[in-house]
Amino acid sequence: MRRRLAVQTRTSECPWAQSRLTVDSKDAMDGPPLSSRATDFYRTNPVLNRRIHIMGVGNVGSFIAHALRGIPNPPPVTLLFSNWAKLSEWNESPQRLSLVTDGDTEIRDGYSAEIAIPRIRYHGKEVGLSGTTESLSAPQSKSLEGESTESISSLIVCTKAPYVLQGLSAVKHRLHKDSVVLFLQNGMGTVEEVNREIFPDPATRPHYMLGINSHGMHSASSGPFTTVHAGFGTISLGILPHERDRKPDAPYEPTQKFSPQRKQPPKPPSTQPTDPDLPPPKPATFAWTPNQRYLLRTLLRTPVLSAAAFSPPDLLQLQLEKLAVNCIVNPLTVLLDARNGAILYNYALTRCMRLLLAEISLVIRSLPDLHYIPNVEHRFDPGRLETIVVGVAQKTSGNVSSMLADVRAGRQTEVDYINGWIVSKGEELGVRCLMNYMLLNLVKGKKNMIQMEMGEGVPFVDESRERRDGGIRVKSGVAVAGEGNEKEKERGKL
Ligand SMILES: CC(C)(CO)[C@@H](O)C(=O)[O-]
């Protein structure tokens, strides 16, 4: 039997430098015999559960699952399917994932698969099950027939932002306070929503990690469970401080990165005056949990992912830069019904971009979290954001943005988590974002228009038709939802 061992090495006082390796006893047997101190350590520290669950077996989820099974001593991986049809398709297939890179196909197996049926939520309550007409009489918190009840230690959520709450509702009772959940969505605000709706109690809330994916993937026409790795990108990862460790409304204290002396580095001058209404800034350092460290290390040792880890304030700034790009490229390509490159070399569109970026920049620069971080004024200056947006539009000029792909298919978009986040953060901070508000509603309006053209935009529709949207449809008095067209190609990301 393969016994797993954990080795902890404390390299410095700083939690970012602590490390715990999980190795197979087979590998450990080749080394020197374990000291009694080490065996005592294993007796007092429970061995980690190495299994990684992946929610959302679309292109992003399949890419990550494929990459994880390709590393030495790979972790066990469980794919969580959101409907019986897809799970049956998997069970009837050779149960392998394929990744096509530059025309070469690599096939990997050894996956477990489970069903986790998203619970449809309406006004914060679970009211039905995705893809069925079954209603839930009482708030659902337990597993349904066929669903596993085993606890989940590490979960990677790869579904699109509007489907995260539904998906997590199906597994929330399997997650515990020491579990780690990695969110890999476009936009902002998912974690706040999950805290409010799924894990309101910080005492039992799992730990979180965030990731920003810039790899481009789409599904292959050659067959199911095959993903084409079309654009080589990176995954920026970070661990989010838990509310048990750090108050979420506290701004970050800047970390001195480069200093000639170790002792008492000089504090960089704050670019903004200290706000008496804000709580005092807190450092971004905190202790990692074993599951967080394990998941982070596993992803970092998976070369295909090109993953890199960042401190929470650095990751937040990367997220905000990506948000600014998505706030411009995604909705403008929807309204123009054109590829990303269409927003370039067109001065009328540059004017629109500048009006939008003026609001976006102001909201970002007003965020309390960034209040004490030096250089924020310059990093999120509208001119610099414009340079980033234009650069991305140029690099991905041939891509159909993810939002345009969703709108064309009549699916729900991530616009609420992109321009919608800017509008609602602006409201909180006293910044009126009229341009973004209009764009938000134009995108929604266009999606509704296409849905109506597809005959799916009215609440009572032909019962035989599946709605390709995560929204609510009232059918026989029960709120239900369809699911996205799985065959639809996911656009390249950046
Ligand atoms: C940057 C971006 C717009 C490029 O296609 C991508 O993030 C997307 O499609 O959402």
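Fair warning: this is a prediction, and the values are worked out from it, not measured in the lab. Ligands are counted one by one from 1 in listed order, and the atoms in each one are counted from 1 as well.
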Check Thr333 against ligand 1 and report side chain, backbone, both or neither, counting heavy atoms closer than 4.0 Å. neither
Residues two or more places apart in sequence or in another chain: which of them pass side-chain hydrogen bond (donor to acceptor under 3.5 Å, both in side chains) with His66? Arg108
Can you spot which of Thr413, Thr190, Asp406 makes a side chain to side chain donor-acceptor pair (under 3.5 Å) with Lys160? Asp406
Look up atom CD1 in Ile54 and atom OG in Ser112, then write down how far apart they are to the nearest 0.5 Å. 11.5 Å
Near Val392, which atoms of ligand 1 are under 4.0 Å from a heavy atom of that residue? 1 (C)
Residue pairs passing the salt bridge (Lys or Arg N to Asp or Glu O under 4.0 Å) test with at least one member in residues 331-351, sequence neighbours excluded, are Asp337-Arg408
Between the side chains of Gln394 and Tyr345, is a donor N or O closer than 3.5 angstrom to an acceptor N or O? yes
Does an N or O anywhere in Thr396 fall below 3.5 Å from an N or O of ligand 1? no
Using a 4.0 Å cut-off to any heavy atom of Ser401, which atoms of ligand 1 qualify? 9 (O)
Selected option - heavy-atom contact closest to atom 4 (C) of ligand 1, from Asn340, Ile328, Thr413: Asn340
Please determine whether a side-chain nitrogen of the Lys or Arg among Glu106 and Arg69 lies less than 4.0 Å from a carboxylate oxygen of the Asp or Glu. no
Provide the number and element of each atom of ligand 1 under 4.0 Å from a heavy atom of Asn186. 10 (O)
Looking only at heavy atoms of Lys322, does any of them come nearer than 4.0 Å to an atom of ligand 1? yes
